[in-house]
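Okay, so here's the structure we're looking at.
The shown structure was predicted, so the numbers you read here are calculated from the model rather than taken from an experiment. Labels below follow one simple rule: chain letters A, B, ... track the order of the sequence lines, proteins then strands, and each chain is numbered from 1.
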Amino acid sequence: MKGRLVRKNRSGRWLDERRGSATSMDETWHPTTYRTHTLGDIQRKGAELVGQEVTVAGFLHASRGKGAICFADLRDGTGMTQVFAKADTLGEDQLSLLQGLTRESTLTVTGTVAQKRPPKTKEGEAPPPPAYEVLASSISVVAEAEAPLPLGVTDTVGVGLDTRLDNRFLDLRRAHVNAMFRLRAKVLQYGREHLITEGFIETHTPKIVATATEGGTDLFPMTYFDTPAFLNQSPQLFKQLCMSGGLERVFEIGPAFRAEKHDTYRHLNEFISFDIESSWSTDDDVMGVLERMLHHIWSSVANDAACQGHIQAINDWRASQDEEPIEVIVPELPFPRVEYDDAIRTIKERGGSIEWGDDIDAENSDLLAQGLPQFYFIPRWPMDLKPFYIHHVEGEDGSTGRQLSRGFDLNFGRDEMTSGGQREHRIDVLCDNLRDMDLDPEEFEFYVAGFRHGVPPHAGWGLGVERILMVLTGAKNVRETVLFPRDRRRVCP
RNA sequence: GCCCGUUUGGUGUAGAGGUUAUCAUGCAGGAUUGUCAUUCCUGCGACCCGGGUUCAAUUCCCGGAACGGGCGCCA
């Protein structure tokens, strides 16, 4: 954070003039029809720009001064810059236009870059590092904002989540909210980057499907021309067909739809699933892929200057809400593995009410997570808790003598991040599994057929992108991590 | 699907069976200012809907709607 350009706000903290910086130093910036420089540029390259004429554009963040001069803070996705206006350089008409402009209006400003006069500081307090401003010679109002705003972008008052989501476009203009989605893009970028280095290729499978549920959840029905169809709950069956097709290692980042009427901090009816499938692999092999990928994401975020800016924006906000700052702690490899058998024993020892063969609910997960501050795997679940496509090895029995599976979960604290496993590639076992779970192999013919003419053993997993973002950003509600979340009640906007 | 809770200006809140309904933010107007989410003055703006109890309901009761939270299930 050396050399940050900061200033103080009313609560006495220094604000980062470059906060929300979108462009890393190594990215290439091309001027557009509307601007020669971003506002972040003015601060970063201010020293060399002094005296030069620039055109900048952005939202009117705040304006001060109704007399002979006016200070207008302009904000774009890369930072903030103050515009200084006085009648003798801007002209009476344009000055009063600027002074009367509503907050959040968009405008372009042409003027000369200058170093700001330093703010008054209390005795003994160090002045902030130099910052730069634009001395306006002309302005052009692009789109005036109606007042009052349904949600004050700079207001100190709190705003309910529902109000925020109803007016998401304004909510997104707030630095810490904007930062969330820039971080989201980075997480996907680094995840993708890692899988490509391990030889995975990106695929897309259909979201409109004819088959009924593969179990465990309800689907959204729809009409596909004259045929009944559904929105897919997971790319599972299709990525397995890719294995049969010899694509070897695939990944997919795409939407999944579940029609469950849940109403919790961690569920959505449309979410982004980050899936992989890998041939000639076991559950243990793909757990390795997962932990290496998460490690890469975390260490990359920790070493990315833009990400640090986003984290800082979130922490500035958290400080104003009296919340502890978040920290990017790179998880150690390998992640702990707590087999289901051991998990049940540990939960019982800690006073949890659970029996072998039960799913591990949220309360019991809290007990299990004690002493596990980071990600941890739970491998080797009972076969009858896992879907029909999960593989098992005869003779691998739990402490009660019941068949174990090659399915695993990855948790963080009480929350499940990932579900995965080695898949059943033996067609006879697969069909038995379907029948055991009261599913009709006939209905899954398109899938079962993929196992009839040779198939490699394979394994994979599906990771909830939103839940990973919650861990990274400290968001307490999954809706915070989605631009336009779809939950039980919300389909608009 | 089950359980619990909330609903007061644009936004976030305080509060009481009879109030001029609190505060902040915002908005409008004015004064001031090389300011720093400026400061000061003046003004504007609200009790979710329907029914009941009562002399009187925004306040109590019932129902509805919207929203929030927890559980189950999952990512």
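- Nucleotide C2(B) has G70(B) as its partner under the Watson-Crick or G-U criteria, with both atom distances under 3.5 Å.
- Distances from the side chain of Pro150(A) to the nucleotides C74(B), G10(B), C27(B) place G10(B) closest.
- Here Asp361(A) lies in heavy-atom contact (under 4.0 Å) with sugar-phosphate atoms only.
- Residue whose closest nucleotide on RNA chain B sits further toward the 5' end, between Asp155(A) and Asp409(A): Asp155(A).
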Next on the checklist: Walk me through whether Phe412(A) and Phe375(A) qualify under ring pair (Phe, Tyr, Trp, His ring centres under 6.0 Å).
Outcome noted: CA-CA 5 Å; Phe412(A) 188 101; Phe375(A) 295 106; 5.0 Å; yes

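- Of the charged side-chain nitrogens involved, none lies within less than 4.0 Å of a carboxylate oxygen, so that Arg117(A) and Glu133(A) do not count as a salt-bridged pair.
- In this structure, Thr418(A) reaches the sugar-phosphate backbone alone: every heavy-atom distance under 4.0 Å involves primed, P, OP1 or OP2 atoms, never a base.
- Between A75(B), C73(B), G34(B), one nucleotide has an atom nearer to the side chain of Phe71(A) than all others, and that is G34(B).
- Across every strand in view, G63(B) sits in a pair with C49(B) that passes the Watson-Crick or G-U test at under 3.5 angstrom.
- Rounding to the nearest 0.5 Å places NZ of Lys186(A) at 9.0 Å from CG of Leu183(A).
- Listed by residue number, Gly462(A), Arg467(A), Asn477(A) are the residues of residues 459-478 of chain A with a heavy-atom contact under 4.0 Å to RNA chain B.
- To the nearest 0.5 Å, atom CZ of residue Arg380(A) and atom CG of residue Asp283(A) are 5.0 Å apart.
- Between U33(B) and U11(B), the two C1' atoms lie 28 Å apart (nearest whole Å).
- Contact of Arg64(A) with U35(B) (side chain to base): a donor-acceptor pair of N or O atoms is detected under 3.5 Å.
- Taking atom P in both C67(B) and A28(B), the straight-line distance is 31 Å, to the nearest Å.
- In this model, no donor atom of one side chain and acceptor atom of the other lie less than 3.5 Å apart for Glu291(A) and His295(A).
- Within 4.0 Å of Ala256(A), counting heavy atoms only, lies no atom of the nucleic acid at all.
- In this structure, Phe238(A) has its ring center no closer than 6.0 Å to that of Tyr447(A).
- Atom P of nucleotide C67(B) and atom CG of Asp166(A) are separated by 9 Å, given to the nearest angstrom.
- Contacts of Gly65(A) with the nucleic acid, taken as non-hydrogen atoms under 4.0 Å apart, include base atoms.
- Using P as the reference atom, A24(B) and U42(B) are 12 Å apart when rounded to the nearest Å.
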Item to check | Base versus backbone protein contacts along nucleotides 1-6 of chain B [heavy-atom cut-off under 4.0 Å; B, S, -] | outcome: B-----

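- A65(B) and C23(B) are spaced 29 Å apart, taking the C1' atom of each and rounding to whole Å.
- Rounded to an integer number of Å, the gap from Leu165(A) CG to U11(B) P is 15 Å.
- Closest to the side chain of His267(A), from the set C74(B), C27(B), U35(B), is C74(B).
- In this pair, Phe84(A) and Phe71(A) present their aromatic rings parallel. The plane angle is below 30°, not in the 30 to 60° band.
- Across every strand in view, U39(B) sits in a pair with A31(B) that passes the Watson-Crick or G-U test at under 3.5 angstrom.
- In this structure A14(B) sits in no base pair that meets the Watson-Crick or G-U test at under 3.5 Å.
- Taking CD from Gln43(A) and CE from Met80(A), the interatomic distance works out to 9.5 Å, rounded to the nearest 0.5 Å.
- Rounded to whole Å, the P atom of A14(B) lies 8 Å from the corresponding atom of U7(B).
- Using a 4.0 Å heavy-atom criterion, one finds that Asp359(A) contacts the sugar-phosphate atoms exclusively.
- Stacking of the aromatic ring of Phe271(A) onto the base of A75(B) is found: the ring centres lie under 5.5 Å apart and the planes are inclined by under 30°.
- Rounded to the nearest Å, the gap between the P atom of G10(B) and that of C49(B) is 13 Å.
- Residue contacts for Asp162(A): at a heavy-atom cut-off of 4.0 Å it reaches the sugar-phosphate backbone alone, with no base atom in range.
- Between Arg117(A) and C36(B), a side-chain N or O to OP1/OP2 separation shorter than 4.0 Å is absent.
- The cationic group of Arg402(A) does not satisfy the cation-pi geometry with Trp356(A), failing either the under 6.0 Å distance to the six-membered ring centre or the 45° limit from the ring axis.
- At the heavy-atom level, Leu268(A) lies under 4.0 Å from base atoms of the strands shown.
- Sequence neighbours left out, not one pair with a member in residues 79-99 of chain A passes salt bridge (charged side-chain N to carboxylate O under 4.0 Å, His left out).
- Checked for salt-bridge contact, Arg318(A) and Glu324(A) miss the test: no charged N lies under 4.0 Å from a carboxylate O.
- Of the N and O atoms on the side chains of His458(A) and Gln422(A), not one donor lies less than 3.5 Å from an acceptor on the other residue.
- Residue side chain Arg266(A) does not reach the base of A75(B) through any donor-acceptor N/O pair under 3.5 Å, judged by distance alone.
- Between Arg75(A) and Glu104(A) there is a salt bridge, since a side-chain N of the basic residue sits under 4.0 Å from a carboxylate O of the acidic one.
- For the C1' atom pair drawn from U19(B) and A57(B), the interatomic distance equals 14 Å after rounding to whole Å.
- Using a 4.0 Å cut-off, some side-chain N or O of Thr163(A) falls inside it from OP1 or OP2 of G12(B).
- Remark: the separation of the C1' atoms in A16(B) and C47(B) is 12 Å, to the nearest Å.
- Atom C1' of nucleotide U11(B) and atom CZ of Arg164(A) are separated by 13 Å, given to the nearest angstrom.
- The base of G34(B) lies close enough to the side chain of Glu133(A) for a donor and an acceptor atom to sit less than 3.5 Å apart.
- Taking atom CZ of residue Phe257(A) and atom C1' of nucleotide C74(B), one finds them 16 Å apart after rounding to whole Å.
- Per the geometry, NE2 belonging to His61(A) stands 19 Å off P belonging to U35(B), to the nearest Å.
- The separation between Glu416(A) atom CD and A75(B) atom P is 5 Å, rounded to whole Å.
- Rounded to whole angstrom, the span from the CG atom of Asn167(A) across to the P atom of G26(B) amounts to 17 Å.
- Along RNA chain B, the nucleotide nearest Ala362(A) and the nucleotide nearest Gly160(A) are compared for position; the residue whose nucleotide lies closer to the 5' end is Gly160(A).
- The residues Glu277(A) and Arg423(A) are annotated as salt-bridged, a charged nitrogen and a carboxylate oxygen being separated by less than 4.0 angstrom.
- If you check U20(B) for Watson-Crick or wobble pairing at under 3.5 angstrom, you find it has no partner at all.
- Rounded to a whole Å, the CD atom of Glu363(A) is 19 Å from the P atom of G69(B).
- Within 4.0 Å (heavy atoms only), Phe84(A) reaches at least one base atom of the nucleic acid.
- Among the protein residues, Arg174(A) comes within range of no part of the nucleic acid, since none of its heavy atoms lies under 4.0 Å from any strand.
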